[in-house]
Protein chains: 2
Amino acid sequence: MKPKITLKDIARELDVSISTVSKALKNSKEISKDTKDRIKAFAKFYNYRPNNIALSLKNRRTKNIGVVIPDIVHHFFTTVFRGIEKYANSMGYNVIICISDESFDKEVINMEMLANGSIDGFILSLSAETQRKNDYTHLKELLDQGIPIVLFDRVTEQIACDKVVLNDKGISTEAVEHFITAGANKIALVTTENFFNVSESRKEGYLQALKDNGMTVNQDLILTLPHSLDNTNLITEFFQQNEIDAVLCVNEIFAVQCMSVIQQLGYNVPNDISIIGFTDGILSKYSSPKLTTVAQHGETMGEKAAKFLIDRMESLEMEEAPFKTEIINATLIKRGSTIN
Amino acid sequence: MKPKITLKDIARELDVSISTVSKALKNSKEISKDTKDRIKAFAKFYNYRPNNIALSLKNRRTKNIGVVIPDIVHHFFTTVFRGIEKYANSMGYNVIICISDESFDKEVINMEMLANGSIDGFILSLSAETQRKNDYTHLKELLDQGIPIVLFDRVTEQIACDKVVLNDKGISTEAVEHFITAGANKIALVTTENFFNVSESRKEGYLQALKDNGMTVNQDLILTLPHSLDNTNLITEFFQQNEIDAVLCVNEIFAVQCMSVIQQLGYNVPNDISIIGFTDGILSKYSSPKLTTVAQHGETMGEKAAKFLIDRMESLEMEEAPFKTEIINATLIKRGSTIN
DNA sequence: TTGTAGGCGTTATCAT
DNA sequence: ATGATAACGCCTACAA
């Protein structure tokens, strides 16, 4: 058991002053080569490492980033997190993570907790409840205090800050057009309740594609599923009661559930009904047939978000750079659940 | 833009001393009700919150826990992490996370980085490379410095610390016996290279079950797959060249891959071949048929690990409590990929 | 009832 | 070339 050693310890042992030790270890040329060597050898032997906390206090920066995501079990957030972690680490930052669990209160409490000195900035994707309540005072307050925030994916226009989002609308249009090219004309959409900005955008993209191609919108072909429930029955009804030859799903769970129902009903994927889902996760890769999906490039989003944040934090006080929004281009990965 | 306010600021504004402010905010009865009220009102108005960093420095404890896991995309680690986060937060701790990415170096570097004051203790699952190298000096050093560590899942006997593991061997035996009860007698095992303690234990459990039931071991029925590669061909060969009526897989990816191959080859699951996988993740739930799996109760493991760590950290210096190993009982979730 | 002083570990500035 | 001092924000034993 050898507790951590401090500058003071070294100073005492070597009978010099603390500041001499500090300077010597920083290779200051104020100190004679002789003492420098002595001190360095001693420090090395006892494996001296400066105390991060003391440095944080002195420098008024922690080199920690707070990441707040709604959920860590979802593949998309997981990949974004990876990207953040990767870039942050490469820049010497640690990542403190909080799961809001889609709860407004948890989001607020966790952020306030971290904001009291533990982190230099936040990367955040809004919880469902926050988007539903449409209440962003906690974010405004943090920004007011000078703590930078980067929003990704689940963002809001009501907060002025750097953002990283997907071209949800555009890629949805592209997906639907992929159906149309293959001859589909009874195209369905399976989505979530619409307080999510992303679901909303995806729906817009879907509608846009229909419009651009002179097709009429049939509201019956839009299925809005409630959150966190077993939706199998709803989905089954949906496919029984409607004539459908293609379906766009806003996440991969819906996609794989639809596929399962469709096959159960005796249809063939993709010949009778084609499917495209969002999120190129593990489900999409291991289903049969493999799912055509919208790859959201989560890792790229994460890296970009981290870069935005660190750039802003390190541009010491020349902070008033205008806020940027980076749009990450999703791509369609064509696999077995669509024709072509 | 209103920067954070400090005790000093309050003291200056209210023309009292810093310690008076400090005491007042802690409701010390040394201070007159009058000044307390004045100070509290002011503090509340300016939304004073003590600076965590200063507290950490003073108290020599950060209330941060470092979590090091090999991978965040794997469902199992994700759920364990959830459990850790949940318990830690409820006890007022933050969680700093590092992904070792199965790399020894990343594991070492990250841990050393955090160990310099950023965290009070670690929860860790060993990286593949660390287990392969069998080198744990970094952990020993940290323990030497008085930093507590809790290992989970991927553990080693070479380190004396609290541990949380699964009854891998027992549950594997149980799984194989489930096959046997249903009439199987050509039971295969699909596993990873054996430097993982968990794979090793699962194999032992498999062998034990065969032995207990008077069945002979056929080495041909044990398929060892390399890490991170497309194994489809190996798996296909395996099922073509061997007569098999049941297969136990050490993770759910292998399980779902096997199922896919089996169905491709024209067999029926579970009638021709039954399957059981480890990890009750999303793949198992959304495959068809749904997979019978070993639920590892990751969240429980995480909570338990966090409890071990926090207990030890908070039992100030009466530390020499003996190290405990908690064995979490996995359970078999019977679904469509097995008979019964 | 209030204030002073010292310390947590480090660095920067200003002596000596 | 080396050391003393102050400061980061907070707490607390001890004075006043």
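Letters go in sequence order (proteins before strands), and every chain restarts at 1. Keep in mind that this is a model prediction, so the values were computed, not measured.
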Taking only distance into account, with no hydrogens and no angle test, what donor-acceptor pairs under 3.5 Å do side-chain atoms of residues 135-143 of chain A form with protein atoms, sequence neighbours excluded?
{"from": "A:Asp135", "atom 1": "OD1", "to": "A:Thr137", "atom 2": "N", "distance (Å)": "3.1"}
{"from": "A:Asp135", "atom 1": "OD1", "to": "A:Thr137", "atom 2": "OG1", "distance (Å)": "2.9"}
{"from": "A:Tyr136", "atom 1": "OH", "to": "A:Asn134", "atom 2": "OD1", "distance (Å)": "3.2"}
{"from": "A:His138", "atom 1": "NE2", "to": "A:Glu107", "atom 2": "OE2", "distance (Å)": "2.8"}

What is the minimum heavy-atom distance between [X] and [Y], and which atoms define it?
X	Y	value
B:Ile65	B:Ala88	CD1-CB, 4.0 Å
A:Ser100	A:Ser127	OG-CB, 3.5 Å
A:Lys63	A:Met91	NZ-O, 3.5 Å
A:Ser17	A:Thr20	OG-OG1, 2.9 Å

Checking all strands, does B:Ser22 fall into the base, sugar-phosphate, or nothing category for heavy-atom contacts under 4.0 angstrom? base

The first and last nucleotides of DNA chain D lying within contact of chain A, meaning any atom under 4.0 Å from one of its heavy atoms, run from D:dA1 to D:dG9

Output all residues satisfying salt bridge (charged side-chain N to carboxylate O under 4.0 Å, His left out) with [X], sequence neighbours left out; order by chain, then residue number.
X	answer
A:Lys36	none
B:Asp153	none
A:Lys86	A:Glu299, A:Glu303
A:Arg132	none

Positions of residues 112-122 of chain B (non-hydrogen atom under 4.0 Å from DNA chain D), listed by number: none

Near DNA chain D, under 4.0 Å by heavy atom, which residues of residues 44-58 of chain A? A:Leu57, A:Lys58

Sequence neighbours excluded, which residues qualify as side-chain hydrogen bond (donor to acceptor under 3.5 Å, both in side chains) partners of B:Arg60? none

Approximate separation, where rounding is to 0.5 Å, of A:Phe76 CZ and A:Ser125 OG: 6.5 Å

Between C:dG7 atom P and A:Leu7 atom CG, what is the distance in whole Å? 16 Å

End-to-end bend of the helix from C:dT1-D:dA16 to C:dT16-D:dA1 (five-pair axes, 10° rounding)? 70°

Please enumerate all residues that pass ring-ring contact (aromatic ring centres under 6.0 Å, His included) together with B:Phe42, with sequence neighbours excluded. B:Tyr46

Whichever of A:Lys26 and A:Lys8 has its nearest DNA chain C nucleotide further upstream toward 5': A:Lys8

Under-4.0 Å salt bridge between [X] and [Y]:
X	Y	answer
B:Asp101	A:Arg82	yes
B:Asp9	B:Arg12	yes
A:Asp34	A:Arg38	no

Counting just side-chain N and O atoms, does B:Arg60 come under 4.0 Å of either OP1 or OP2 of C:dG9? yes

Distances for protein N/O vs nucleotides 1-4 of chain C N/O pairs under 3.5 angstrom?
{"from": "C:dT2", "atom 1": "OP1", "to": "B:Thr35", "atom 2": "OG1", "distance (Å)": "3.4"}
{"from": "C:dT2", "atom 1": "OP2", "to": "B:Ser32", "atom 2": "N", "distance (Å)": "2.9"}
{"from": "C:dT2", "atom 1": "OP2", "to": "B:Ser32", "atom 2": "OG", "distance (Å)": "3.1"}
{"from": "C:dT2", "atom 1": "OP2", "to": "B:Thr35", "atom 2": "OG1", "distance (Å)": "2.6"}
{"from": "C:dT2", "atom 1": "O4", "to": "B:Glu30", "atom 2": "OE1", "distance (Å)": "3.2"}
{"from": "C:dG3", "atom 1": "OP2", "to": "B:Ser17", "atom 2": "N", "distance (Å)": "2.9"}
{"from": "C:dG3", "atom 1": "OP2", "to": "B:Ser17", "atom 2": "OG", "distance (Å)": "3.4"}
{"from": "C:dG3", "atom 1": "OP2", "to": "B:Thr20", "atom 2": "OG1", "distance (Å)": "2.5"}
{"from": "C:dG3", "atom 1": "N7", "to": "B:Ser19", "atom 2": "OG", "distance (Å)": "3.3"}
{"from": "C:dG3", "atom 1": "O6", "to": "B:Lys23", "atom 2": "NZ", "distance (Å)": "2.2"}
{"from": "C:dT4", "atom 1": "O4", "to": "B:Ser19", "atom 2": "OG", "distance (Å)": "2.9"}

